[in-house]
Structure formats: structure tokens, C-alpha cells
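Atoms within a ligand are numbered from 1 in the order they appear, just like the ligands themselves. Position 1 is the first residue of the sequence; numbering continues from there.
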Amino acid sequence: MSKELRTVSGMRPTGPLHLGHYFGVLKNWVELQHTEEAYFFVADWHALTSDYADPSRVRENIRDMVLDWVAAGLDPEKCVIFRQSEVKEHAELSLLLSMITPVSWLERNPTYKEQQQQITTKDLGNAGFLCYPVLMAADILMYRPHGVPVGEDQLPHLELTREIARRFNHFYGALFPEPLAMLTPAAKCPGLDGRKMSKSYNNGIFLSDPMADISQKIRGMFTDPARLRKSDPGNPSVCNLFPYHEILSSIAEREDIRQGCTGAQLGCVDCKKIFLKNLEAFLAPLQERRASFAARPSAVTDILLAGNDRARAFALQTMSAVREKMGL
Ligand code: TRP
């Protein structure tokens, strides 16, 4: 099949991925690889914008993340999987785009301001962190995509990407499309404690978690806090578990659960057993695929080596047009 639309996206290598990553973004990637020419990359330079003081885990995190990608169904035959730092053209484009990006745009970026305030364990006063969105614009515009599958948290960055593209086209003539965000229809994945599932909150269920750990995690999950006994009617709309039934259970099963909960017949313990059963059925094939890739020590390296070459070939074309337009 010839694929007419092109898309690109990346993730920082923060280590193993959890259900929030999968249902928020990765599932979308896996579907897109069938219909679009798709580039997916490990944003390892982006990881350094905040973790520059201790990069000791970057390599291991890259391996874990790529294993999760292929476990989830990304197929290196169907999409290009590569590593940002191996396609140096991203750095060149980032430098060139920084020439036309006003510092005020970067300083007023809400994600930048928020993280500066919230993250107190690292010093984020470095230039690399301020320029994060310029590098991200380079990652994206390099592949001249029509859209970028990302989570909602990336929307301010994508807005900046469009503004930078517009400014480039205005100065040097049309080259870059203004890519749109392709959001996954909101799948709500609360963490074990009810907050957003996040590695830094330590409230995640990871795709690679052993089933025994998962069953223990589910046992400790918060349900409807007002429901103390099975004989109390529960309220699925305030329960952390119910959103997972919406994702993983069949429609019939979900309706039974809803009625059993609100009608005080189905207790939280039994409801959790259904969740565990469905989650196991969902994760088993992923974990099997993961294990088969992990068993071959060079599997991840091979995938990235091949992908790096394909991404670079595309990037070189964009860069010769960029250099030409910028008078280089
Ligand atoms: N900022 C993204 C994240 O935190 C990672 C990223 C870097 C990215 N460059 C990108 C995502 C380009 C999409 C497109 O996950």
C-alpha cells in the first residue's frame, strides 16, 4: 500500500512504559503505522534537557522503551523506529530554527513555566531546557508531517511548532506544513492512587510488570471511597477502577459491573478480579512479544540501526531544501 500521509512522533526515554502511555499515545501509533508513512523516535536529546546531570540511565531506558514499543505492536517493517541523537540533522535544523524563534515565545510556553515551578529536584535554568520546543519543532518539521500523534500535555509545544513553521515559511518561502495534533480519543487511565498515572508519582501499572506484581497493585487500588461494604451501593463514576472496565471489558461485562456495583451486589474485590483477568488477557501477548525481542540481545540495536538510516535519508532531503532557502 502506498501511504500518502506522513506522521512523526517521539517519546523521551524515561524507562518502561505504563498503561497511561499505551492507551494515551502508543495505541494510536500502532494503528497509524498501517495507514501512514510513520516515523517514531526515541527523544534522547530531550531527556538530557532535564537529566543532564545524571545521564547514567539513558541507555537502559532507551532499550526498555523500544522493547515496550515493539511489544505493543510497533513493527519495524511497517514504520521507521529511530534514535534522535543518531540523526544529527535534527541538531542542525534545531540550530537554524533557533535563529528565527523569539526567546519570548519560549519563556511564555506554559509547559516551560509549569515545570520550572514544579520540578525542584533539578535545576532547569539551562539553555537546553528553554530550547526544548525548538528541538521538538525540528524533530517534527524535518519529516514535514500533516499531523503528530501526541498526548494532550504536548499541545503547547505543537502550537509553537506551527508558529515556527509559519515564521520560516514567511521569511524564506513555503516549505513546512503546519502539523496538527492527533489526540487519542480520551482514554482515562487513572493511577493506582487516583492521580494521573505517572512514573514520578509511583502509581503506575507497567506493560512489563510481572502478573504477580500487577495483582498486588490492583488489590491496593482505590475504588469508590464512600463504599465501605459490599452492601453499600457504589458509584462507578468516582471509582478509579471503572475507567479500566471501559477500556478492557466487553460492553456486556461492563454493564453487568455497573449494575452490580450500583445495586450493591458486586463487591470491589470481585470487581478487581474481573479487571485482573481482563488486564492479564490484554498484557499476555505483549509480554510474550517483549520476551522474544529481549531474548535476542542485538534486537533493539538492529531495529534502531536500520531505522536511523531510513530517517536520515529523509532528513537529508529536508535539510538540503532548508539550507538552500536560508542561503547556506
Ligand atoms: N516532548 C515529547 C515528550 O515529552 C517528546 C518529543 C520530542 C516529541 N520531540 C517530539 C513528541 C516530536 C512528538 C514529536 O514525550
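- Ion pairing between Arg166 and Glu163 fails under the 4.0 Å rule for side-chain N and carboxylate O.
- Residues Gln84 and Asp139 have side chains that bring a donor and an acceptor to within less than 3.5 angstrom of each other.
- Scanning the protein heavy atoms around atom 14 (C) of ligand 1, the nearest turns out to be Ile140 CG1, 3.5 Å.
- Under the 4.5 Å side-chain heavy-atom criterion for Ile, Leu, Val, Met, Phe, Trp and Tyr, Leu141 and Leu316 are members of distinct hydrophobic clusters.
- Protein heavy atom in closest approach to atom 7 (C) of ligand 1: His46 ND1, 3.2 Å.
- Protein heavy atom in closest approach to atom 8 (C) of ligand 1: Gly10 O, 3.6 Å.
- Classification of Asp224 and Arg227 as a salt-bridged pair fails, no side-chain N sitting under 4.0 Å from a carboxylate O.
- A ring-centre distance under 6.0 Å is not found for His21 and Phe206.
- Inspection of the Arg167 and Tyr172 side chains reveals no N or O donor paired with an N or O acceptor under 3.5 Å.
- Proximity to Ala43 (heavy-atom distance under 4.0 Å) selects the following atoms of ligand 1: 7 (C).
- Scanning the protein heavy atoms around atom 4 (O) of ligand 1, the nearest turns out to be Arg12 NE, 2.9 Å.
- Ranking protein heavy atoms by distance to atom 3 (C) of ligand 1, first place goes to Gln154 NE2, 3.5 Å.
- One option in Phe41, Trp45, Phe40, Tyr143 has a heavy atom closer to atom 10 (C) of ligand 1 than any other, and that option is Phe41.
- Residue Val150 touches ligand 1 through its side chain alone, judged by heavy-atom distances below 4.0 Å.
- Summary of contacts: the protein heavy atom closest to atom 9 (N) of ligand 1 is Asp139 OD2, 2.8 Å.
- Annotation: cation-pi geometry satisfied between Arg195 and Tyr201 (NZ/CZ under 6.0 angstrom from ring centroid, within 45° of ring axis).
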